[in-house]
Amino acid sequence: MKPTRVSLLVLVAVVAGAAGYAITRSSYDTLPTPNLVALLWLALLAIAEFYIAVMTRARLAGRAGTRPINPLVVARFVALAKASSAVGAIAGGGYAGFLIWVAKLDTPASSRDTRTSAFGVGFALLLVAAALFLEHVCRVPIRDDDDDEPQPD
């Protein structure tokens, strides 16, 4: 499995942002306000992934008081990190597109929506950062020794 490319995440965020902007521009009056529960889930996921990354790093390093970690668990954490980085990019782009449109408006509802969508962008960026950190922690180190190569007879 290859590491997640930041350029791909940026592309996903830009596409989601363009879609969010287009949808918001065409039908802002009929859209529901951004959900605060979704913001809390983004924040909770970011905190959980950061905690998993710190604990996994300690277990992989063999620090005192930690027990070894199963390699399959590490592989699952990598899959979680890759999925979460994509979700964070999509959510961040969508909130950014919404934010760009509502920041132009001058109504009490748009002021509340601007604040909510700004927090959404921030929490989505935190989720992407935590996911990339978890993915980095789970990388297999490159070995310098040549002991695994077969010797000619």
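Any value given below was found using the heavy atoms of this structure, including those in side chains, with hydrogens, waters and symmetry copies removed. Note that the structure is a prediction, hence the values are computed from the model and not measured. Starting from 1, each residue takes its place in the sequence as its number.
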A.B. asks: Hey, any chance L72 and I69 share a hydrophobic cluster, counting ILVMFWY side chains that come within less than 4.5 Å of each other, even indirectly?
C.D. replies: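 No, because L72 and I69 fall into different hydrophobic clusters, even though each may have its own neighbours under 4.5 Å.
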A.B. asks: Tell me, do T33 and T116 make a side-chain contact under 4.5 Å, heavy atoms counted?
C.D. replies: no
A.B. asks: Where do L127 and E49 come nearest, in terms of heavy atoms and distance?
C.D. replies: CD1-OE2, 4.0 Å
A.B. asks: If hydrophobic clusters are built by linking Ile, Leu, Val, Met, Phe, Trp and Tyr wherever their side-chain heavy atoms come under 4.5 Å apart, do L42 and V121 end up in the same one?
C.D. replies: yes
A.B. asks: Which word best sums up how the rings of Y28 and F98 line up, parallel for under 30°, tilted for 30 to 60°, or perpendicular for over 60°?
C.D. replies: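 The rings of Y28 and F98 sit tilted, inter-plane angle from 30° to 60°.
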A.B. asks: Honestly curious: do I100 and Y95 fall in one hydrophobic cluster under the side-chain, below-4.5 Å linking rule?
C.D. replies: no
A.B. asks: Please tell me if the side chains of C138 and T56 come closer than 4.5 Å, counting only heavy atoms from C-beta onward.
C.D. replies: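 Result yes, sub-4.5 Å side-chain heavy-atom pair found.
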A.B. asks: Answer yes or no: does atom CZ of R25 have more than 12 heavy-atom neighbours from other residues, nucleotides or ligands under 6.0 Å?
C.D. replies: no
A.B. asks: Picking from V102, T24, D113, what satisfies side chain to side chain contact (heavy atoms under 4.5 Å, CB included) with L31?
C.D. replies: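 Single side chain to side chain contact (heavy atoms under 4.5 Å, CB included) partner of L31 among V102, T24, D113: T24.
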A.B. asks: Between S85 and A131, what is the shortest heavy-atom contact and its length?
C.D. replies: N-CB, 3.6 Å
A.B. asks: Quick one: are V6 and L132 in side-chain contact, heavy atoms under 4.5 Å?
C.D. replies: yes
A.B. asks: Quick one: closest heavy-atom pair of A124 and A91, and the distance?
C.D. replies: CB-C, 4.1 Å
A.B. asks: Rounded to the nearest 0.5 Å, what separates atom CG in L99 from atom NZ in K104?
C.D. replies: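 Going from the CG atom of L99 to the NZ atom of K104 covers 11.0 Å.
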A.B. asks: Under the side chain to side chain contact (heavy atoms under 4.5 Å, CB included) test against K82, which residue among L134, V87, T4 passes?
C.D. replies: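 With K82 as partner, side chain to side chain contact (heavy atoms under 4.5 Å, CB included) holds for just one option, T4.
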A.B. asks: Closest heavy-atom contact between L9 and V128?
C.D. replies: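 For L9 and V128, the tightest heavy-atom pair comes out as CD1-CG1, 4.0 Å.
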A.B. asks: With sequence neighbours left out, write down each residue that passes side chain to side chain donor-acceptor pair (under 3.5 Å) with S27, or none if nothing qualifies.
C.D. replies: none
A.B. asks: Are L36 and L126 grouped together when hydrophobic residues (ILVMFWY) are joined by side-chain heavy atoms under 4.5 angstrom apart?
C.D. replies: yes
A.B. asks: Can you tell me how far the CZ atom of F123 sits from the CG atom of L40, to the nearest 0.5 Å?
C.D. replies: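 So the gap between those two atoms works out to 7.0 Å.
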A.B. asks: I would like to know whether F133 and V54 meet side chain to side chain contact (heavy atoms under 4.5 Å, CB included); could you show each step before the answer?
C.D. replies: CA-CA 9 Å; F133 178 55; V54 169; 4.2 Å; yes
A.B. asks: Given the rule that I, L, V, M, F, W and Y join up when any side-chain heavy atoms are under 4.5 Å apart, are Y51 and V74 in one cluster?
C.D. replies: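 In one cluster with Y51: V74, no.
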A.B. asks: Could you tell me whether F50 atom CZ has more than 12 heavy atoms of other residues or ligands within 6.0 Å of it?
C.D. replies: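 Check fails, neighbour count at 12 or below.
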A.B. asks: Give a yes or no on this: more than 12 heavy atoms of other residues, nucleotides or ligands lie within 6.0 Å of atom CG of N70.
C.D. replies: yes
A.B. asks: Run the side chain to side chain contact (heavy atoms under 4.5 Å, CB included) test on F77 and V73 for me, step by step, so that the C-alpha distance in whole Å, both residues' side-chain angles and the decisive distance to 0.1 Å come before the verdict.
C.D. replies: CA-CA 6 Å; F77 287 161; V73 172; 3.6 Å; yes
A.B. asks: For G120 and L39, work out which heavy atoms get closest and say how close.
C.D. replies: CA-CD2, 3.0 Å
A.B. asks: Would one find more than 12 heavy atoms of other residues, nucleotides or ligands at under 6.0 Å from atom CZ of F119?
C.D. replies: no
A.B. asks: Quick one: pull up CG in L80 and CD in E135 and give me the separation to the nearest 0.5 Å.
C.D. replies: 10.5 Å
